[in-house]
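Residue numbers start from 1 in every chain, and the chains themselves are labelled A, B, ... in the order their sequence lines are given, proteins ahead of strands.
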Amino acid sequence: MADDTEQRYDPATIEPKWQQRWAADAALYAAEPASCGKPKYYVLEMLPYPSGQLHMGHVRNYSIGDALARHMWMRGYNVLHPMGWDAFGLPAENAALKNNTPPREWTLANIAAMRRQMERLGLGYDWATEVTTCLPEYYRWNQWFFLRMYEKGLVYRKQSKVNWCPECATVLANEQVVNGCCWRHEETLVEQRDLEQWFLRITAYAQELLDGLDTLDGWPEKVRTMQRNWIGRSEGTDVDFTIEGSGERIRVFTTRVDTIFGVTSVQLAPQHPLVKDFCAADAELKAKVDGLIEEQKKAREAGDVGAIEKHGVATGRWAVNPYSGEPVPIWVANYILMDYGTGAIMSVPGHDERDFEFATKYGIEIRRVIAPADPDAEEPALPFTSEDGILTNSGEYNGLSCEAAQKKLQELAARAGFGQATVTFRLKDWGVSRQRYWGTPIPMIHCEKDGLVPVPDEQLPVVLPAQVAITQQGGSPLGRVAEFLHTTCPKCGAPARRETDTMDTFVDSSWYFYRYTDAKNAGMPFDPAKAAYWFPIDQYIGGVEHAILHLIYSRFWTKVMRDLGLTPNSEPATRLFTQGMVIKDGAKMSKSKGNVVSPDDMVARYGADATRMYALFAAPPDRDLDWQEDGVAGVSRFLARVWRLVTKYAAVARAAECDGHSDGAAAAGLLRKLHQTIAKITQDFEGRWHFNTCVAAIMELVNEIQAADAQLDSGAVPPLAIRELLRTLVLLLAPFAPYLAAELWEELGEEGAILRAQWPVSDADLARESELEFPVQINGKLVEVVRVPAGAASAAMEAAALAGERVKTRTVGKSVVKVIVIPGKLVNLVVK
RNA sequence: GCCCGGAUGGCGAAAUUGGCAGACGCAGCGGACUUAAAAUCCGCAGACCGCAAGGUCGUGGGGGUUCAAGUCCCCCUCCGGGCACCA
């Protein structure tokens with residue numbers, strides 16, 4: 001048996017052996033202090049939710065990050081490559097309900113299981129900096145930040161809508177609402193209820209979050225665009241209309257104040273406070289408005305807000321256009337949103353599609369106030385929404401361009417006090433309240449006498465109680481834990497009540513990457529000096545599904561931390577990479593589709609190296625990856641070939657004299673290929689990241705070495721060259737197949753960890769081709785391939801092309817009209 | 001509806017700056033080794049016509065620019081993702 005296994009590449013023996021050695025070497029993947037003098041490199045992969053099972057998306061994400069980290073270590077950098085757990089969240093409560101396991105136990109067991117999976121995959125993390133967000137040592141700093149933000153006026157409370165399942169009698173997170181129904185009760189419509197909620201004032205940073213995107217040129221344009229749209233900055237004008245009779249004002253927001261003379265109604269959102277007043281005196285109106293609210297709600301629940309038919313109801317009131325003095329009717333309409341702008345609009349049916357649709361339906365006047373800039377042009381049909389035109393039917397403003405009119409009208413409004421230029425953002429403040437158990441308790445106390453009182457710093461952390469019955473009853477589970485709920489007011493000492501909301505888990509992931517730089521700090525979230533050394537993150541890697549929320553929150557939190565003096569950086573990461581999804585049989589891997597491939601299975605069958613390398617080989621990292629198990633088998637076969645090749649010549653390589661001589665034609669060809677491969681892979685690590693072609697390049701190199709097996713065997717290739725070939729091959733493999741590389745490194749008699757070995761440098765002289773092989777085309781079609789000595793002049797190329805056998809037979813009796821020579825590339829003959 | 005990706009052999013893909021389309025791998029076929037198989041090694045392999053030499057076509061479709069287009073420009077189709085009454 002021994003003989004047999006000795007001859008075979010066996011990841012099941014190699015990999016656990018090295019896994020053990022690496023686990024015993026605490027310094028191997030450890031970040032060094034700033035004093036080490038090396039340049040720093042912070043490579044970060046998004047931390048996973050500890051579901052208990054790594055999936056292929058994780059494997060892909062971490063294989064990319066680990067390859068980069070290993071490469072940077074070999075380039076001599078001080079690398080921070082940490083990992084942690086986004087450990088709060090609903091699944092733990094669901095598991096508690098289902099299995100009667102406490103969320104904490106369930107979560108910690110899952111973390112242990114996933115960490116074992118990661119270690120088995122050979123991912124090189126610095127576990128000394130591990131961060132687990134559900135532990136008080138971490139979440140106390142969430143509370144600390146919350147209090148700092150409270151002091152800065154960045155935290156406030158307000159009434160807000162929540163999803164409520166009447167069957168569960170509890171609040172649902174947005175993700176638990178499926179097609180407008182409760183995920184547990186698929187027939188039960190989710191209701192919107194008003195609750196007092198905590199908010200973080202992210203909108204205070206809206207402009208900066210937008211401007212910062214311009215500096216993030218290391219981020220994918222797609223992500224920046226998505227964030228820009230999400231922030232949704234829009235410049236416009238606030239205009240106050242006066243209600244006839246009462247003298248009350250309705251403030252509207254418009255981006256097209258130049259169309260003000262085309263206003264033929266004012267439209268209010270059904271939830272607008274003035275509508276409530278109108279309804280108080282008019283039961284009939286109230287019934288109709290309630291109907292509109294119901295329609296909006298239904299549409300929102302059904303998830304097609306944009307598709308609902310426009311409905312409205314006239315209030316019978318009139319509002320006066322402050323520019324023209326003209327009264328227009330006030331309507332309430334279901335397409336007006338209370339939470340954007342002022343919840344009221346001026347309706348200009350002549351120049352807005354939605355207003356046009358509404359006015360047509362209800363017979364409201366449609367007026368043209370913008371004419372084409374070219375007086376000879378035909379008047380375009382209404383609604384005419386372009387801003388490329390001049391004002392008409394607009395009194396003294398007639399003839400002005402839209403842009404000029406906007407400016408003039410804004411100035412007038414400001415002067416006369418009925419409005420001004422203004423900027424509106426689509427971005428809303430961040431509601432962080434969750435009526436949930438498994439999250440960070442919000443560190444606030446409700447006192448009868450003193451009102452809202454923050455928990456003093458010295459009383460942090462507010463610890464999540466361990467013994468909590470997770471039930472499906474309504475309200476926050478923490479509200480039913482007497483020991484937690486009842487406390488005393490820090491100000492007056494009287495009995496008081498703790499806040500029972502917990503924080504959104506996006507809070508945890510908004511700053512965890514700072515904690516990695518100083519994970520054990522008990523006195524601060526982190527030491528600013530340590531963070532200043534490591535930040536910004538040099539490369540952040542994760543799924544594009546986090547392009548908006550997580551990455552906006554993280555940017556916001558960084559700016560807050562900067563303003564607290566904790567970091568000099570305004571942005572957390574200079575470069576962001578978003579990898580593609582893992583697909584199988586044409587669909588994203590998911591339990592419901594039954595197309596999930598377990599990483600454990602792959603590792604058991606083919607080994608960690610083959611699994612990881614396949615994840616890099618099957619597609620470029622930014623594209624979707626189609627998982628084909630036969631492909632993993634192919635990579636595994638390739639690794640076996642490498643193993644056989646290196647072990648076959650290991651003894652020769654070990655014995656090679658370092659001062660020996662390494663020439664010979666066979667060696668020159670192989671060394672040329674070797675140095676070309678080094679150059680290709682090094683270059684890819686520096687920018688393009690097409691690791692699929694890196695793996696292919698290594699395969700080509702191995703194919704070529706193997707094709708020269710006879711020369712290697714016969715001694716035609718000097719031992720020193722063999723040594724360089726194999727040694728470098730193993731080094732190139734190290735970021736992609738770390739176990740096999742470590743094993744073969746040792747096999748070649750090298751001392752010390754391959755991770756500490758120097759990344760090979762391509763020698764341009766050795767890489768250079770001695771001959772140029774170039775295509776000759778006739779009229780753009782390939783006719784022949786000819787050779788000239790490398791570096792030959794254009795004239796030599798032309799001569800060689802014209803001397804080609806096939807070229808000669810093809811040009812007989814014809815004339816060469818033109819010869820195009822691209823030096824070093826090709827020759828094209830234009831022949832008639 | 002708007003914004004972003006993408007479409008290349010039987011399959012995953014490559015072609016980095018407009019310059020030999022299909023590298024590398026999978027599946028397939030033929031051969032060597034073997035009593036046999038597995039494993040391994042060698043070879044073939046875009047489609048069509050042809051015994052062959054060779055030829056014609058070919059990167060979702062249509063048009064264009066160019067000596068030369070998978071790559072650039074215009075129009076269109078399909079697939080994936082994001083946003084969606086944002087005033």
[Y] backbone acceptor or donor facing [X] side chain under 3.5 Å:
{"X": "A:His675", "Y": "A:Ser762", "answer": "no"}
{"X": "A:Thr264", "Y": "A:Glu365", "answer": "yes"}
{"X": "A:Asn779", "Y": "A:Val831", "answer": "yes"}

Checking contacts here: which listed nucleotide ([options]) is nearest the side-chain heavy atoms of [X]?
{"X": "A:Ile336", "options": "B:U16, B:G19, B:A87", "value": "B:A87"}
{"X": "A:Arg806", "options": "B:G55, B:A15, B:G12", "value": "B:G55"}
{"X": "A:Thr255", "options": "B:A87, B:C11, B:C41", "value": "B:A87"}
{"X": "A:Lys818", "options": "B:G25, B:C67, B:C85", "value": "B:C67"}
{"X": "A:Glu700", "options": "B:G54, B:C24, B:C67", "value": "B:C24"}
{"X": "A:Gln777", "options": "B:U16, B:G82, B:G19", "value": "B:G19"}
{"X": "A:Thr225", "options": "B:G19, B:C3, B:A87", "value": "B:C3"}
{"X": "A:Tyr340", "options": "B:G19, B:C85, B:A87", "value": "B:A87"}
{"X": "A:Ile820", "options": "B:C85, B:G12, B:G19", "value": "B:G19"}
{"X": "A:Pro775", "options": "B:A13, B:G12, B:C20", "value": "B:C20"}

Hey, is the side chain of [X] poking within less than 4.0 Å of OP1 or OP2 on [N], counting only N and O atoms?
{"X": "A:Arg637", "N": "B:C26", "answer": "yes"}
{"X": "A:Asn334", "N": "B:C85", "answer": "no"}
{"X": "A:Arg623", "N": "B:G80", "answer": "no"}
{"X": "A:Arg810", "N": "B:G54", "answer": "no"}
{"X": "A:Arg426", "N": "B:A84", "answer": "yes"}
{"X": "A:Gln706", "N": "B:C41", "answer": "yes"}
{"X": "A:Ser234", "N": "B:A87", "answer": "yes"}
{"X": "A:Arg644", "N": "B:C41", "answer": "yes"}
{"X": "A:Asn703", "N": "B:A23", "answer": "no"}

Measure the [atom1]-[atom2] distance between [X] and [Y] for me, rounded to the nearest 0.5 Å.
{"X": "A:Asp624", "Y": "A:Ile583", "atom1": "CG", "atom2": "CD1", "answer": "4.5 Å"}
{"X": "A:Asp258", "Y": "A:Lys407", "atom1": "CG", "atom2": "NZ", "answer": "14.5 Å"}
{"X": "A:Arg233", "Y": "A:Arg426", "atom1": "CZ", "atom2": "CZ", "answer": "15.5 Å"}

Taking atom [atom1] in both [N] and [M], what distance in whole Å separates the two?
{"N": "B:C76", "M": "B:G81", "atom1": "P", "value": "23 Å"}
{"N": "B:G10", "M": "B:G19", "atom1": "P", "value": "25 Å"}
{"N": "B:C24", "M": "B:G63", "atom1": "P", "value": "34 Å"}
{"N": "B:C72", "M": "B:G5", "atom1": "P", "value": "12 Å"}
{"N": "B:U71", "M": "B:G60", "atom1": "C1'", "value": "16 Å"}
{"N": "B:C74", "M": "B:A23", "atom1": "C1'", "value": "33 Å"}

State the pairing partner of [N]; accept Watson-Crick or G-U wobble contacts with both distances under 3.5 Å, and report none otherwise.
{"N": "B:U65", "answer": "none"}
{"N": "B:G1", "answer": "B:C83"}
{"N": "B:U40", "answer": "B:A32"}
{"N": "B:A23", "answer": "none"}
{"N": "B:C78", "answer": "B:G6"}
{"N": "B:A15", "answer": "none"}

Have a look at [X] and say if it touches a base, only the backbone sugar-phosphate, or nothing, with a 4.0 Å heavy-atom cut-off.
{"X": "A:Asn692", "result": "sugar-phosphate"}
{"X": "A:Phe774", "result": "nothing"}
{"X": "A:Ile698", "result": "nothing"}
{"X": "A:Arg224", "result": "nothing"}
{"X": "A:Gly232", "result": "nothing"}
{"X": "A:Lys584", "result": "nothing"}
{"X": "A:Asp624", "result": "sugar-phosphate"}

Whole-Å gap separating [atom2] ([N]) and [atom1] ([X]):
{"X": "A:Lys680", "N": "B:U16", "atom1": "NZ", "atom2": "P", "value": "10 Å"}
{"X": "A:Leu427", "N": "B:C83", "atom1": "CG", "atom2": "C1'", "value": "15 Å"}
{"X": "A:Ile583", "N": "B:C79", "atom1": "CD1", "atom2": "C1'", "value": "12 Å"}
{"X": "A:Leu826", "N": "B:A68", "atom1": "CG", "atom2": "C1'", "value": "8 Å"}
{"X": "A:Asp626", "N": "B:C79", "atom1": "CG", "atom2": "C1'", "value": "14 Å"}
{"X": "A:Glu629", "N": "B:A27", "atom1": "CD", "atom2": "P", "value": "11 Å"}
{"X": "A:Ile548", "N": "B:G82", "atom1": "CD1", "atom2": "P", "value": "10 Å"}
{"X": "A:Phe638", "N": "B:A13", "atom1": "CZ", "atom2": "P", "value": "20 Å"}

Within 45° cone of A:Phe358 ring axis and under 6.0 Å: A:Lys310 NZ or CZ |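 Judged by the rule (NZ or CZ under 6.0 Å from the ring centre, within 45° of its axis), A:Lys310 is not positioned above A:Phe358.
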
Residue pair A:Glu784, A:Arg810: steps toward the salt bridge (Lys or Arg N to Asp or Glu O under 4.0 Å) verdict | CA-CA 11 Å; A:Glu784 185 162 15; A:Arg810 296 287 192 105; over 6 Å; no

Classify the side chain of A:Asn828 and the base of B:C67 as holding, or not holding, a donor-acceptor pair under 3.5 Å.
->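 Looking at the base of B:C67, it does pair with a donor or acceptor on the side chain of A:Asn828 (distance under 3.5 Å).
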
With distance as the sole criterion, do the side chain of A:Lys222 and the base of B:C3 form a donor-acceptor contact below 3.5 Å?
->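 No pair found.
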
Determine, for A:Asp709 against A:Lys648, whether the closest basic-nitrogen to carboxylate-oxygen distance falls under 4.0 angstrom.
->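 Salt bridge between A:Asp709 and A:Lys648, a charged N being under 4.0 Å from a carboxylate O: yes.
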
Tell me whether B:G62 sits syn or anti, counting syn as a glycosidic angle within 90° of 0.
->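 Anti conformation here, the glycosidic angle of B:G62 being more than 90° from 0.
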
Which sits closer to the 5' end of RNA chain B, A:Phe253 or A:Lys825, going by the nucleotide each is nearest to?
->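 In this pair, the answer is A:Lys825.
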
5′-ward residue of the pair A:Ala619/A:Val830 relative to RNA chain B =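 It is A:Ala619 whose nearest nucleotide is closer to the 5' end.
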
A:Lys428 atom NZ, neighbour heavy-atom count above 12 within 6.0 Å =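 Result for NZ/A:Lys428: enclosed.
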
